[in-house]
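Once you've had a glance at the structure underneath, I'll fire off some questions.
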Amino acid sequence: MRTAARETLFKIIFASQFTEETDGVFKQSLYAKEKLDEKDTAYCDDVLGIIRVHKDEFTEILNSRSRLFPEARLFPADRSVLFIALAEILYRDDIPDTVSVNEAANIASKFSSEKSASFVSGILAEVIREKTGV
């Protein structure tokens, strides 16, 4: 289970929306606090790299799927969890899409508003439908 790693990623991405000081000591201290092993830290670093490279693409995906709430108006928590799930769904073939959606909904329900889990699930379901052509 990568739940602890995903929640750690969530915290890093959430914090990065308010400060640029998330890469060095902050990230490493969260990895240590959550007792992430090498496999989990490698996963986190990979997903953070994917988000860094594809942030504009992810922003466009969110803007096109959520016209009433474009990416700039999303709750920072929802944006953070959506970026993680988009990175997994679009660029990590080793993670089943359903796992990414389920984990994203769980994180959203834990760290965001009451309606966030269904909002996040709906956006991600649409992305998966387009990805798979179903």
Side-chain angles (χ1 to χ4, degrees):
M1 293 285 294
R2 286 193 172 134
T3 301
R6 283 185 181 91
E7 287 186 8
T8 301
L9 269 173
F10 169 82
K11 293 171 187 175
I12 294 166
I13 295 164
F14 182 83
S16 74
Q17 296 175 68
F18 304 100
T19 183
E20 294 180 20
E21 305 286 329
T22 58
D23 268 349
V25 174
F26 178 75
K27 179 176 77 169
Q28 294 306 320
S29 66
L30 278 177
Y31 288 177
K33 180 181 180 282
E34 297 300 328
K35 298 178 175 73
L36 299 184
D37 62 21
E38 285 183 35
K39 191 173 180 181
D40 285 338
T41 60
Y43 155 80
C44 289
D45 289 341
D46 183 58
V47 172
L48 288 169
I50 292 168
I51 292 169
R52 197 172 297 116
V53 169
H54 297 282
K55 184 177 182 181
D56 292 341
E57 175 191 355
F58 296 165
T59 297
E60 180 56 37
I61 288 169
L62 295 178
N63 286 339
S64 69
R65 306 301 177 291
S66 180
R67 294 189 192 343
L68 295 177
F69 289 98
E71 183 269 340
R73 289 189 57 210
L74 289 177
F75 290 139
D78 293 351
R79 184 182 309 113
S80 300
V81 74
L82 282 164
F83 278 5
I84 295 166
L86 288 171
E88 289 183 351
I89 290 167
L90 298 175
Y91 293 99
R92 293 285 307 236
D93 294 334
D94 61 320
I95 302 169
D97 294 343
T98 54
V99 171
S100 296
V101 173
N102 187 48
E103 289 282 317
N106 288 340
I107 292 170
S109 66
K110 182 175 180 178
F111 292 103
S112 194
S113 73
E114 289 180 22
K115 297 180 181 181
S116 289
S118 60
F119 172 76
V120 165
S121 295
I123 295 287
L124 296 175
E126 190 173 324
V127 169
I128 292 167
R129 272 194 298 278
E130 289 180 15
K131 174 186 159 186
T132 59
V134 175

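This is a predicted model, so every value here is computed, not measured. The analysis underlying the following values was restricted to heavy atoms, covering all of them including side chains, and did not include hydrogens, waters or symmetry mates.
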Subject >> Between CG on residue D97 and CZ on residue R129, distance to nearest 0.5 Å >> reply: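 It is 12.5 Å, given to the nearest 0.5 Å.
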Subject >> Closest non-hydrogen atom pair between A104 and V120, with its separation >> reply: CB-CG1, 3.8 Å
Original post:
Would you call L86 and Y91 a side-chain contact if the rule is heavy atoms closer than 4.5 Å?
Top reply: no
Original post:
Got a donor-acceptor contact below 3.5 angstrom from the S121 side chain to the S118 backbone?
Top reply: no
Subject >> Interatomic spacing from CG in L62 to CD in E57 - rounded to 0.5 Å >> reply: 10.5 Å
Original post:
By ring pair (Phe, Tyr, Trp, His ring centres under 6.0 Å), which residues pair with F10, not counting sequence neighbours?
Top reply: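 So F10 forms a ring pair (Phe, Tyr, Trp, His ring centres under 6.0 Å) with F14, F111.
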Original post:
Could you give the distance from NZ (K55) to CD (E60), rounded to the nearest 0.5 Å?
Top reply: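 Reported value, rounded in 0.5 Å steps: 14.5 Å.
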Subject >> Salt-bridge present (R2, E88; N to O < 4.0 Å) >> reply: no
Original post:
Quick one: which of I128, L124, I95 gives a side-chain contact (heavy atoms from CB on, under 4.5 Å) with S100?
Top reply: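 Of I128, L124, I95, side-chain contact (heavy atoms from CB on, under 4.5 Å) with S100 is met by I95 alone.
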Original post:
Would Y43 and D94 satisfy side chain to side chain donor-acceptor pair (under 3.5 Å), going step by step from the backbone distance to the final call?
Top reply: CA-CA 11 Å; Y43 155 80; D94 61 320; over 6 Å; no
**OP:** Heavy atoms only: give me the nearest A4-T8 pair and the separation to one decimal.
**Re:**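 Minimum heavy-atom contact is O-OG1, 2.8 Å.
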Subject >> Distance (rounded to the nearest 0.5 Å) between D40 CG and D45 CG >> reply: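 Reported value, rounded in 0.5 Å steps: 11.0 Å.
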Subject >> Nearest heavy-atom neighbours spanning A108 and V81 >> reply: CB-CG1, 4.2 Å
Original post:
Do the side chains of N106 and R6 get nearer than 4.5 Å, heavy atoms only?
Top reply: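 No, every pair of side-chain atoms sits at 4.5 Å or beyond.
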Subject >> Nearest-0.5 Å distance that lies between atom OG1 in T41 and atom NZ in K27 >> reply: 9.0 Å
Original post:
To the nearest 0.5 Å, how far apart are CG in L82 and CD1 in I123?
Top reply: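 Here the rounded value is 6.5 Å.
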**OP:** Check whether any side-chain heavy atom of P76 sits under 4.5 Å from a side-chain heavy atom of F18, and report yes or no.
**Re:** yes
**OP:** List for me each residue that meets side chain to side chain contact (heavy atoms under 4.5 Å, CB included) alongside A87, sequence neighbours excluded, and say none if there are none.
**Re:** V47, I50, I51, F58
Original post:
Is any side-chain heavy atom of K131 less than 4.5 Å from a side-chain heavy atom of I89?
Top reply: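 A side-chain contact exists here, since the closest heavy-atom pair is under 4.5 Å.
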**OP:** Please name all residues satisfying side-chain hydrogen bond (donor to acceptor under 3.5 Å, both in side chains) with D46, sequence neighbours left out, ordered by chain then number.
**Re:** R92
